[in-house]
Amino acid sequence: MNNLGYACINHGLSSLPKSKRVTTNRSMIKRTFAEKGTPYVSELVLQNVKDLYKILNWNESHNIKFFRISSDLFPWASEYQLEDLPNFKDIVYWLQKSGDYTKTHSHRLTFHPGPYNKLCSSDPRIINNTVKDLNYHAQVFDIMGLSSTPYNKINIHVGATYGDKPSTAQSFCRNFKQLSTSCKTRLTVENDDKASMWSTRELYSSIYDQIGIPIVFDYHHHQFCTGGLSVEEALSLALSTWGDTRPVTHYSQSRSEEYKDPRIKPQAHSDSYWSTPNTYGMTFDIMLECKHKELGLQKMRQLMKEIK
DNA sequence: AAGTGTCAAGCATTA
DNA sequence: TAATGCTTGACACTT
């Protein structure tokens, strides 16, 4: 049984009329942050965490037990301490309520912080921001009372090579040590979608072998950066890095194929699905990264049923 | 309410 | 040199 999940946005709930809209993605531009500061952040965060609880309830009632939380939950999180938000107590209340709900109903929650997180950089300012941002994600899971393991993964890409993969990997592994313990124990790395970047095989030998963090295998990315491995080989290799924790993979399909439009980059994610990932009989959770979110998940369930 | 232009961060790639 | 895309469209202003 491979559990299916979706990422960050519930399409149906977020397109309700404004008064009923449910979203965890309330944010603001830089100017507004400068003008209104953390009190306004705090208001938005409170609404976001309340809506997170609603989404988890929606998921449960639709038998979806795997969900990626948006990093937008706390806008500008690297610019303040969570404890300094005026509504922090109420925010904690709703996060704990969501965490309790998650555990009671055996859901799995994960994060996927943005591409601006460059743990492999050698610029101290970039490292500083990256460490703050990654630690914030771990702190949220801590508040929710979720496991300090990759079961609640915080997944990132290595994200650069600087024209020198060995030294870039070294920087990544060195800077990893600066993260909080609760972040280090949850961190995972994902294979890239460009030939020049990091394949599953390279992540294994350059990152996993050094610091032992699990590899998230992305089916879609793999075809653009195989590292010389077949899907089955790369998948097996990635799964072997998860120890006792049930692994996660990512699955999406090509938008250019979906719309039969060669002008669209083949890497772009599709709206929905028309075929299923080959699991080779192995068991792991699958994060679906299509644009139509929970609708795509329901489509995928149909497709998987038809196969059996 | 609906439409439009703009929007933090880092990097590699394309135009 | 500038625009694009990435884990995810949303904000802010005008009409």
Side-chain angles (χ1 to χ4, degrees), chain A residues 5-11 13-19 21-36 40-41 43-44 47-48 51-52 55 67-80 109-134 136-137 153-165 168 171-172 175 187-198 216 218 220-221 224-225 248 250-252 254-256 263-269 271 287-294 296:
Chain A
Y6 69 102
C8 303
I9 291 167
N10 182 299
H11 194 267
L13 294 179
S14 78
S15 15
L16 291 170
K18 199 174 180 185
S19 60
R21 183 168 139 91
V22 176
T23 176
T24 64
N25 296 62
R26 295 176 187 83
S27 182
M28 72 192 82
I29 61 171
K30 189 176 189 177
R31 176 160 45 89
T32 306
F33 180 57
E35 287 167 5
K36 301 188 176 178
Y40 185 53
V41 170
E43 285 176 36
L44 295 189
Q47 295 182 65
N48 284 343
D51 281 359
L52 173 62
I55 291 174
F67 181 65
R68 177 190 299 166
I69 306 178
S70 169
S71 297
D72 282 346
L73 196 67
F74 285 74
W76 296 94
S78 56
E79 303 300 313
Y80 52 86
L109 298 180
T110 62
F111 272 122
H112 196 337
Y116 309 108
N117 289 284
K118 285 292 179 299
L119 204 52
C120 61
S121 175
S122 49
D123 181 336
R125 291 169 308 162
I126 295 173
I127 294 305
N128 189 40
N129 289 339
T130 299
V131 167
K132 275 196 216 162
D133 195 45
L134 295 180
Y136 134 68
H137 290 84
K153 74 181 163 72
I154 298 169
N155 178 56
I156 59 173
H157 291 261
V158 176
T161 67
Y162 306 104
D164 182 348
K165 280 184 177 173
T168 299
S171 298
F172 186 97
N175 296 327
L187 200 74
T188 61
V189 278
E190 176 181 348
N191 57 309
D192 282 304
D193 67 357
K194 276 183 287 196
S196 64
M197 299 292 280
W198 298 86
V216 172
D218 186 309
H220 187 50
H221 293 173
F224 307 105
C225 183
V248 175
H250 292 174
Y251 186 72
S252 48
S254 174
R255 189 176 192 79
S256 59
R263 291 171 300 179
I264 302 174
K265 282 191 177 182
Q267 284 93 339
H269 291 166
D271 282 337
M287 176 52 66
L288 301 173
E289 294 184 317
C290 69
K291 299 281 182 195
H292 286 176
K293 306 298 178 183
E294 81 281 4

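So that the names make sense, note that chain A is the first sequence line, chain B the second, and so on, each numbered from 1.
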Q. With both distances under 3.5 angstrom, what nucleotide forms a Watson-Crick or G-U wobble pair with C:dT8?
A. none
Q) Quick one: is A:His269 getting a side-chain N or O under 4.0 Å of the C:dG5 phosphate, OP1 or OP2? A) no
Q) Has A:Thr161 got a side-chain N or O lying under 4.0 Å from the OP1 or OP2 atom of B:dA12? A) yes
Q.
Applying the 5.5 Å / 30° rule, does A:Trp76 stack onto the base of B:dA8?
A. yes
Q: Give one of base, sugar-phosphate or nothing for A:His157, where a contact means two heavy atoms less than 4.0 Å apart.
A: sugar-phosphate
**Q.** Phosphate contact (C:dC13 OP1 or OP2) by A:Arg31 side-chain N/O below 4.0 Å
**A.** yes
Q.
Please report the distance, rounded to the nearest Å, between CG in A:Asn48 and C1' in C:dT8.
A. 13 Å
Q: Can you tell me the pairing partner of B:dA9 across any strand shown, Watson-Crick or G-U wobble, with both distances under 3.5 angstrom?
A: none
Q | Whole-Å gap separating P (B:dT13) and NE2 (A:His221) | A | 15 Å
Q. Does A:Asn191 offer a backbone N or O that forms a donor-acceptor pair with the side chain of A:Asp218 under 3.5 Å?
A. no
Q. Can you tell me how far P of C:dG5 sits from NZ of A:Lys265, to the nearest Å?
A. 6 Å
**Q.** Pairwise P distance, C:dA12 and B:dA8 [rounded to whole Å]
**A.** 10 Å
Q) What is the distance, rounded to the nearest whole Å, between atom CG of A:Leu109 and atom C1' of C:dT7? A) 16 Å
Q: May I ask you to say what A:Lys132 touches in the nucleic acid, namely base, sugar-phosphate or nothing, with a heavy-atom cut-off under 4.0 Å?
A: nothing
(Q) Using side-chain heavy atoms (C-beta onward) and a distance below 4.5 Å, is A:Thr24 in contact with A:Ile55? (A) yes
Q. Hey, does A:Ala160 reach any base, or is it just sugar-phosphate, or nothing, if we go heavy atoms under 4.0 Å?
A. sugar-phosphate
Q: Look at all strands and tell whether A:Glu190 reaches a base, only sugar-phosphate, or nothing, counting heavy atoms closer than 4.0 Å.
A: nothing
Q: Using the six-membered ring wherever Trp is involved, compare the ring planes of A:His250 and A:His112 and label them parallel, tilted or perpendicular (cut-offs 30° and 60°).
A: tilted
Q | Among C:dA10, C:dT8, C:dA12, the one nearest A:Tyr40 by side-chain distance | A | C:dA12
Q. Would A:Tyr116 count as stacked on B:dG10 if the rule is ring centres under 5.5 Å and plane angle under 30°?
A. no
Q: Using atom CE of A:Met197 as one end and atom C1' of B:dG10 as the other, report the distance to the nearest whole Å.
A: 10 Å
Q: Could you tell me whether the side chain of A:Lys30 reaches within less than 4.5 Å of the side chain of A:Trp76, counting heavy atoms only?
A: yes
(Q) Pair A:Val158, A:Met197 - check side-chain contact (heavy atoms from CB on, under 4.5 Å), show working. (A) CA-CA 9 Å; A:Val158 176; A:Met197 299 292 280; over 6 Å; no
(Q) Counting only side-chain heavy atoms from C-beta out, which of B:dG10, C:dT8, C:dA12 sits nearest to A:Ile126? (A) B:dG10
Q. Roughly how far apart, to the nearest Å, are C:dT7 and B:dT13 at atom P?
A. 15 Å
Q: Side chain of A:His112 only, please: which of C:dT7, C:dG9, B:dC7 is the nearest?
A: C:dT7
Q: Find the distance A:Lys18:NZ to C:dC11:P and express it as a whole number of Å.
A: 8 Å
Q) With a non-hydrogen cut-off below 4.0 angstrom, is A:Asn25 in contact with a base, only sugar-phosphate, or nothing? A) sugar-phosphate
**Q.** A:Lys293 NZ - C:dG9 C1' separation (whole Å)
**A.** 10 Å
(Q) Work out how far the C1' atom of C:dC6 is from that of B:dA2, and round it to whole angstrom. (A) 29 Å
(Q) For B:dC11 and A:Tyr162 - does any side-chain N or O of the residue sit under 4.0 Å from the phosphate oxygens OP1/OP2? (A) yes
Q. Looking only at atom P, what distance separates C:dA10 and B:dG10, rounded to whole Å?
A. 23 Å
Q. Looking only at atom C1', what distance separates B:dA9 and C:dG5, rounded to whole Å?
A. 14 Å
Q. How long is the line joining CG of A:Asp72 and C1' of B:dA9, in whole Å?
A. 13 Å
(Q) The test is side-chain contact (heavy atoms from CB on, under 4.5 Å); show your working for A:Tyr136 and A:Leu73 and say whether it passes. (A) CA-CA 11 Å; A:Tyr136 134 68; A:Leu73 196 67; 4.0 Å; yes
Q.
Would you measure the distance from the C1' atom in B:dA1 across to the matching atom in C:dT8 and give it in whole Å?
A. 25 Å
Q) Looking for any heavy atom pair under 4.0 Å, which part of the strands does A:Ser196 touch: base, sugar-phosphate only, or nothing? A) sugar-phosphate
Q: Would you indicate what A:Ser70 reaches in the nucleic acid, counting non-hydrogen atoms under 4.0 angstrom: base, sugar-phosphate, or nothing?
A: nothing
Q.
Applying a 4.0 Å non-hydrogen cut-off, can you work out what A:His137 is touching in the nucleic acid: base, sugar-phosphate, or nothing?
A. nothing
Q) Roughly how far apart, to the nearest Å, are C:dT4 and B:dC7 at atom P? A) 13 Å
Q | Listed nucleotide nearest any side-chain atom of A:Ser121, set B:dC11, C:dT7, C:dA12 | A | B:dC11
Q) Is the shortest heavy-atom distance from the side chain of A:Thr161 to the side chain of A:Trp198 under 4.5 Å? A) yes
(Q) Among C:dC11, C:dC6, C:dT8, which nucleotide has an atom closest to any side-chain atom of A:Met28? (A) C:dC11
Q: Using a 4.5 Å cut-off on heavy atoms from C-beta on, say whether the side chain of A:Pro113 contacts that of A:Leu134.
A: yes
